4 protein chains.
Amino acid sequence: MVTDCKRERILTAALEIFSTQGFANTTVQEIAAKAKVGKGTVYTYFATKEDVLIDLLDEGLAHMGKHIEERIKLLTDSGMKLRAILREQLRYFHNNRPLMRLLSREAWGQELGSSSIAHRIRSSYIKMLQEVIDKGIEAGELRALDSETVATALYGMVSLVALYAKDITCEAKLEHVEMTLQELFFQGVALSPAF
Amino acid sequence: MVTDCKRERILTAALEIFSTQGFANTTVQEIAAKAKVGKGTVYTYFATKEDVLIDLLDEGLAHMGKHIEERIKLLTDSGMKLRAILREQLRYFHNNRPLMRLLSREAWGQELGSSSIAHRIRSSYIKMLQEVIDKGIEAGELRALDSETVATALYGMVSLVALYAKDITCEAKLEHVEMTLQELFFQGVALSPAF
Amino acid sequence: MVTDCKRERILTAALEIFSTQGFANTTVQEIAAKAKVGKGTVYTYFATKEDVLIDLLDEGLAHMGKHIEERIKLLTDSGMKLRAILREQLRYFHNNRPLMRLLSREAWGQELGSSSIAHRIRSSYIKMLQEVIDKGIEAGELRALDSETVATALYGMVSLVALYAKDITCEAKLEHVEMTLQELFFQGVALSPAF
Amino acid sequence: MVTDCKRERILTAALEIFSTQGFANTTVQEIAAKAKVGKGTVYTYFATKEDVLIDLLDEGLAHMGKHIEERIKLLTDSGMKLRAILREQLRYFHNNRPLMRLLSREAWGQELGSSSIAHRIRSSYIKMLQEVIDKGIEAGELRALDSETVATALYGMVSLVALYAKDITCEAKLEHVEMTLQELFFQGVALSPAF
DNA sequence: CATGAATGAGGCTTCATTCAT
DNA sequence: AATGAATGAAGCCTCATTCAT
């Protein structure tokens, strides 16, 4: 944001292209072109094409982690915490779609150093969710369901909706989607509990 | 299954490697080696490396489509249909993890011919879910939430749990996970509706 | 000679170019072009550009070693052996000028894997010379000079003359040069011993 | 020597690296680093990387030329001149091993501008030797051998011994090597003239 | 003068695809 | 049908050189 040196330009360009074409289908040439720098300049700031990806994931996701935890730590009630997490994750994914799409893409591979990063990041995030849920269950605020499954499910529903939905074109629609997810996650789709 | 000719061997090998290394990081050589055929033989059955991927996704997903729709069409109740879908999708993803991981990986890109396939397949599947949910709402069996969001969320939670959970080591655990998801999706995590 | 497959063509082409331009100034493209094969074909036979050089030195020099030792082992007299060595080395260097020029070039570097080969080869050859000289001294056939220095000097004078002389255009001239070297090495340039 | 400005530092650094890694394997970066100047500074003093090499060879060898000719011109006897040349060349090569190794390396190529310099320098030096030898023969001081061959041989034996011998660790050993070469060159290795 | 960030030409290597056997 | 040697387009990366500070 502030520092608009070449390094930032390269990261921004790389993010955009990686997230649409995937890491392997992107050439350093393309990144340099979109960043409006020479091909060689990329190598002034990054040792390797993969390093660009790693830095992108590292920096971006450290940011999401901090961002969300900040919003949560003030809340004491587990239910409230979960509601806040759902809300913030949805918005973070939506506001950083290219980065999060990239994360989703690369997290499924296994061999590259990059994938393990994406994988690790997702794991630690889900673990955090699980802990919040566990506390909610202990506190008698939430139903005693398997917390790991619920945490993973929460992550999955929010991220897919955020990345997939094409019609979230304005704040109003985003809020509508959020409300739907909150209802779904906390109350379910069934009309009556007896269902 | 029955036909163990080279074509199958190639598809099986490709699936395994694609799903772990990604399409772009896999060489035709590797596929041929794992399939124990000559490199040229791959081109006897497929015009292109990408065609291997496309056939893989096409066949595999057509299969999932048929598989799930078969289980549903006998059911008339929308809630029951959704329960069956959740159950079958979970199991199908779990039983075909490499293929579904591949689908998840490649579906996030946009430019490649392959991605559009993965994307298209996922879209049509979610659309099907949405229709079931819509009918359930019309029939007064489900809460009147935004059906597209709910459909996407359902897809997201099930697929992520199926692909992500490492501890589903036996049928019993799989059933436990399924039950958790069913509870979550239909009743939510909140203890009381008033929550 | 006999096997004129691509591998030989590549080695022959590489030798010619390496020996004139040096290893580092030669492109794989050039080698392929002179060998009349595709650029990629070079990599069917050699893992690396450097491997081409190594194979070249390895094969070529193993050949020289065998060639010369064969001519010597029948001789018993040390003086005769040395005369034969001088003769054969001169001729071998002369007949394989490109290869030996390459050896001389690359043997002076130190870092590359290739150089160490060239270096090693030269060392073992000189050691062999030294042993012959030592025996000659012990047998009272040669003057008791420092054998290592003499061996190195012999190698140096023969190889430089062979590679450097431009006017060795026919067998007669080659024999004249050889005679000169034999006289020089065995009798020296001084007119009288008392000099 | 006296002028220790950046130019000297660059030449010194370049010499050391060129002589071990070869010209083509050395980067301007490395030279600048070892000379403790900025990369750009190299271009303040030299137009081109190759110019560094050329200057190095030019200056260094002009120096050797002057050095040796100075020692010779006072001597009238051809034999004495040759003895002095052998002595001085051996010492000069030994004292300036990196430079002379560089000369030997680069003199074997032909295409580069640099090589032709190295080549030219060596040629003119050998020509000088040849003239001395010719005069010695005319004066009846030396045997009437082919002077070009003898000159080349002398150059070859001295330079190889100087660059190759690893055990010349002190002045005494150097003198011993010199004595051996003098004996060898003037009297030969044979015990009796009748050999 | 001194510097090093910026650049792009060029090299090595990989790999999808072809084709003769 | 099956093969793998052959190919060249294309990508990553290096590095000599320039130039603004």
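Bear in mind that the values here come from a model prediction, so they are computed numbers and not experimental data. Just so it is clear: chains get the letters A, B, ... in the order the sequence lines come, proteins before strands, and each one is counted from 1.
Nearest-nucleotide positions on DNA chain E for B/A47 and C/A47 put C/A47 closer to the 5' end. Ranked by how close their nearest DNA chain F nucleotide is to the 5' end, D/A24 and A/V28 are led by A/V28.
Here the CD-NZ distance, from B/Q29 to B/K39, works out to 5.0 Å after rounding to the nearest 0.5 Å.
D/R101 places no side-chain N or O within donor-acceptor distance of the main-chain N or O of D/L163, the cut-off being under 3.5 Å. A donor-acceptor pair under 3.5 Å is absent between the side-chain atoms of B/E106 and the main chain of B/L103, judged by distance alone.
In this structure, the CG atom of C/D51 is 11 Å from the P atom of E/dT14, given to the nearest Å. Nucleotide F/dA1 holds its C1' atom 13 Å from the CZ atom of B/R9, rounded to whole Å. Here E/dC15 presents its P atom at 12 Å from CD1 of B/I31, a figure rounded to the nearest Å. For the pair B/N25 CG and F/dG11 P, the interatomic distance rounds to 15 Å; values are reported in whole Å. Atom CZ of C/F46 is separated from atom P of E/dC12 by 15 Å (rounded to the nearest Å). The nearest whole Å value for the distance from the CZ atom in D/F23 to the P atom in F/dC15 is 13 Å. Atom pair C/E50:CD and E/dC12:P shows a separation of 12 Å (rounding to whole Å applied). Protein atom NZ of C/K49 is 19 Å distant from nucleotide atom P of F/dC13, rounded to whole Å.
Of the candidates E/dT17, F/dC15, F/dT14, the closest approach to any side-chain atom of B/T48 belongs to E/dT17.
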One pair to check against side-chain contact (heavy atoms from CB on, under 4.5 Å): A/R105 and B/R105. What are the steps and the verdict? CA-CA 5 Å; A/R105 253 190 93 94; B/R105 244 189 102 92; 5.6 Å; no
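Applying the side chain to side chain donor-acceptor pair (under 3.5 Å) test to D/S123 and every residue at least two apart in sequence or in another chain returns C/Y164. For the side-chain contact (heavy atoms from CB on, under 4.5 Å) test, no residue two or more places apart in sequence or in another chain qualifies with B/T12.
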Can you tabulate the close N/O pairs, meaning under 3.5 Å, that link protein atoms to atoms of nucleotides 6-9 of chain E?
| from | atom 1 | to | atom 2 | distance (Å) |
| --- | --- | --- | --- | --- |
| E/dA6 | OP1 | A/Y45 | OH | 3.2 |
| E/dA6 | OP2 | A/Y45 | OH | 2.3 |
| E/dA6 | N6 | D/K39 | NZ | 3.3 |
| E/dT7 | OP2 | A/G38 | N | 2.9 |
| E/dT7 | OP2 | A/T41 | OG1 | 2.2 |
| E/dG8 | N7 | A/G40 | N | 3.1 |

Where does DNA chain E pair, written as one dot-bracket string 5' to 3', with Watson-Crick or G-U pairs under 3.5 Å, ( ) inside the strand, [ ] for crossing pairs and | for another strand? .||||||||||||||||||||
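Within the 4.5 Å cutoff, the side chain of D/R9 has no heavy atoms near those of the D/K34 side chain.
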Please report, to 0.1 Å, the donor-acceptor pairs under 3.5 Å made by any side chain of residues 52-65 of chain C, with sequence neighbours excluded.
| from | atom 1 | to | atom 2 | distance (Å) |
| --- | --- | --- | --- | --- |
| C/D55 | OD2 | C/R7 | NH2 | 2.6 |
| C/E59 | OE2 | C/R7 | NH1 | 3.4 |
| C/E59 | OE2 | C/R7 | NH2 | 3.4 |
| C/H63 | ND1 | C/Y92 | OH | 2.7 |

Under 3.5 Å, sequence neighbours excluded: what are the donor-acceptor pairs made by side chains of residues 40-49 of chain A?
| from | atom 1 | to | atom 2 | distance (Å) |
| --- | --- | --- | --- | --- |
| A/T41 | OG1 | A/G38 | O | 3.4 |
| A/T44 | OG1 | A/T41 | O | 3.4 |
| A/K49 | NZ | A/F23 | O | 3.1 |
| A/K49 | NZ | A/T26 | O | 2.8 |

